[in-house]
Amino acid sequence: LDDKYLIAAKYSVPPAHAGITLFPLRTDGAIEDAVQHIPFIDGSHVVKDRQDGGHAHSVNMTPDGKMLFVADLGADTVHAFSYHAEKSQPLTAEPDFDLHFKPGEGPRHMTFSSDGKFAYISTEMSAKVHVYRIEHDKLSEIQAADLTESKNPDDKGGAGILFSPDHKFLYVGNRRKVNQIVVFKANPVTGKLTLTKRFSSGGIEPRAFAFDKTGQYMIIANVFSNNVVELRRNTENGDLTPTAVTLQIGTPTDIKFVN
């Protein structure tokens, strides 16, 4: 938030190589040499070949810039760190604030309500959204919402998680056999979610997606079908409708808009 550091998560398929690294940023945007690296070594060893070691999947700064939460898919944990920009090692581990998940859930991505009172975490293998209330930097779980009603593991592959620009709706990807964008209406007072509908991603493996600045269009990166798909968003009910605009591109994995 203060543009002083670039924080990178390294997933690393082989065990014992995952972690997060901090790189100072110069005023011209250039990246300097790393000043801090935090390894994620241990996995929960629940899901074979996915949790043999730590796997840092995303870095997520709280809206007030005081805390960093790192989703470790391999350890079924979201690690908490306090952030101190003035220190030579800006991140300090805060294990009392860590979030622990059931064995094999695999936390993947995280986002926050616009007022910073609630946090939302998508899990990959259990295909859920966990909802937390934030009080004094502490996160307390208040809800766990399913992305699918299916019990089949092949239908569970939680992915990206993103609020609409107006923060009325939360959109979460579910991959594997279903390849959907799941839409929830968010209660601004309680933070809790209500499922509205599920929509096809228009491809296979919708790993990431983003809204344009108007909030009327969602752009989806479908990795295995090698296409980027545009959907129109109904700002009243959150529904998504294909526009028939598709870009063929090899293994698209993320979407970012640059001003």
What heavy-atom pair brings A56 and V70 nearest, and what distance separates the two atoms?
CB-CG1, 4.2 Å

Going through the checks in order, is the side chain to side chain contact (heavy atoms under 4.5 Å, CB included) test met by L240 and K197?
CA-CA 9 Å; L240 300 171; K197 291 182 181 179; over 6 Å; no

Nearest-0.5 Å distance that lies between atom CD1 in I20 and atom CG in L68
5.5 Å

Could you measure the distance from the CG atom of N174 to the CD1 atom of I181? Nearest 0.5 Å is fine.
9.0 Å

Step-by-step side chain to side chain contact (heavy atoms under 4.5 Å, CB included) determination, L22 to L6:
CA-CA 6 Å; L22 273 75; L6 173 69; over 6 Å; no

Sequence neighbours excluded, which residues qualify as side-chain hydrogen bond (donor to acceptor under 3.5 Å, both in side chains) partners of H57?
R108

Can you pull the ring-ring contact (aromatic ring centres under 6.0 Å, His included) pairs that have at least one residue in residues 146-165, sequence neighbours excluded?
Y120-F163, F163-H167

Side chains of I249 and N227, heavy atoms from C-beta outward: is any pair under 4.5 Å?
no

When you look at CD of E149, are more than 12 heavy atoms from neighbouring residues, nucleotides or ligands closer to it than 6.0 Å?
no

Do K128 and S122 come within less than 4.5 Å of each other through their side chains, counting heavy atoms only?
no

The ring-ring contact (aromatic ring centres under 6.0 Å, His included) partners of F209 (sequence neighbours excluded) come to none

Can F184 and T194 be said to form a side chain to side chain contact (heavy atoms under 4.5 Å, CB included), step by step?
CA-CA 5 Å; F184 297 93; T194 301; over 6 Å; no

When rounded to the nearest 0.5 angstrom, what is the spacing between OG in S200 and CG in L231?
8.0 Å

Are D254 and R207 within salt-bridge range, i.e. N to O under 4.0 Å?
no

Is any side-chain heavy atom of H130 closer than 4.5 Å to a side-chain heavy atom of E105?
yes

Under 3.5 Å, sequence neighbours excluded: what are the donor-acceptor pairs made by side chains of residues 81-93?
{"residue": "S82", "atom": "OG", "partner": "H84", "partner atom": "NE2", "Å": "3.1"}
{"residue": "S82", "atom": "OG", "partner": "E94", "partner atom": "OE2", "Å": "2.7"}
{"residue": "Y83", "atom": "OH", "partner": "D2", "partner atom": "OD1", "Å": "3.3"}
{"residue": "Y83", "atom": "OH", "partner": "D2", "partner atom": "OD2", "Å": "2.7"}
{"residue": "Q89", "atom": "NE2", "partner": "V35", "partner atom": "O", "Å": "2.6"}

Who pairs with D3 by side chain to side chain contact (heavy atoms under 4.5 Å, CB included), at least two apart in sequence or on another chain?
none

Verdict with reasoning, S150 to N152, per side chain to side chain donor-acceptor pair (under 3.5 Å):
CA-CA 5 Å; S150 173; N152 187 342; 5.2 Å; no

Between V129 and L162, is there shared hydrophobic-cluster membership here, with clusters defined by ILVMFWY side-chain heavy atoms closer than 4.5 Å?
no

Going by an N to O cut-off under 4.0 Å, is there a salt bridge joining E124 and R175?
yes

Would a distance-only check, ignoring hydrogens and angles, find a side-chain to backbone donor-acceptor pair under 3.5 Å from N179 to I204?
no

Tell me whether D33 at atom CG has more than 12 heavy atoms from other residues, nucleotides or ligands lying less than 6.0 Å away.
no

By side-chain hydrogen bond (donor to acceptor under 3.5 Å, both in side chains), which residues pair with D76, not counting sequence neighbours?
S44, Q51

Gap between atom OG1 of T148 and atom CZ of R198 - 0.5 Å precision:
5.5 Å

Here the pair of heavy atoms bringing G157 nearest to A127 is N-CB, 4.1 Å

Is there a donor-acceptor pair closer than 3.5 Å between any side-chain N or O of N226 and the backbone N or O of T251?
yes

Quick one: are E32 and R26 in side-chain contact, heavy atoms under 4.5 Å?
yes

Kindly write out the residues that satisfy side chain to side chain contact (heavy atoms under 4.5 Å, CB included) with K138, not counting sequence neighbours, or none if the list is empty.
F97

Hey, are the side chains of D137 and I134 touching, using non-hydrogen atoms and a 4.5 Å cut-off?
no

V183, F118: one ILVMFWY side-chain cluster at the under-4.5 Å cut-off?
no

Pairwise side-chain contact, I219 with V228, heavy-atom cut-off 4.5 Å (strictly under)
yes

Under the side-chain hydrogen bond (donor to acceptor under 3.5 Å, both in side chains) rule, collect the residues that match up with D98, sequence neighbours excluded.
none

Partners meeting ring-ring contact (aromatic ring centres under 6.0 Å, His included) with Y171 (sequence neighbours left out)
F211

Less than 4.0 angstrom from a charged side-chain N to a carboxylate O is my criterion; do E205 and R176 meet it?
no

R233 and P165: which non-hydrogen atoms are nearest, and at how many Å?
NH2-CD, 4.3 Å

Is there a chain of hydrophobic side chains (I, L, V, M, F, W, Y, each step under 4.5 Å between heavy atoms) that links V59 to F112?
no

Any donor-acceptor N/O pair, S12 side chain to K10 backbone, under 3.5 Å
no

Please determine whether residues F169 and V172 belong to a single hydrophobic cluster, defined as Ile, Leu, Val, Met, Phe, Trp and Tyr linked transitively by side-chain heavy-atom distances below 4.5 Å.
no

Does the side chain of I142 come within less than 4.5 Å of K192's, by heavy atoms?
yes

Where do T123 and S126 come nearest, in terms of heavy atoms and distance?
OG1-OG, 2.6 Å

Give me the atom names and distance for the closest heavy-atom approach of L73 to Y11.
CD2-OH, 4.0 Å

Treat each ILVMFWY residue as a node, draw an edge where side-chain heavy atoms are under 4.5 Å apart, and state whether V245 and Y217 are in one component.
no

Do you know the tightest heavy-atom contact between N222 and G202?
ND2-C, 3.8 Å

Do we see a donor-acceptor contact under 3.5 Å between the side chains of T214 and D212?
yes

Considering residues at least two apart in sequence or located in another chain, which fulfil the ring-ring contact (aromatic ring centres under 6.0 Å, His included) criterion with F40?
H79

V229 backbone acceptor or donor facing T246 side chain under 3.5 Å
no

Taken in chain and number order and not counting sequence neighbours, the residues that satisfy salt bridge (charged side-chain N to carboxylate O under 4.0 Å, His left out) with K156 are none

Applying side chain to side chain contact (heavy atoms under 4.5 Å, CB included), run through V78 and D72 and close with a yes or a no.
CA-CA 6 Å; V78 171; D72 185 349; over 6 Å; no

Sorted by chain and residue number, the side chain to side chain contact (heavy atoms under 4.5 Å, CB included) partners of T27 (sequence neighbours excluded) come out as none

Return the CG to NZ distance between D155 and K177, rounded to the nearest 0.5 Å.
9.0 Å

For the residue pair L193 and V131, establish whether any side-chain heavy-atom pair is separated by less than 4.5 Å.
yes

To the nearest 0.5 angstrom, please state how far the NZ atom of K168 sits from the OG1 atom of T196.
13.5 Å

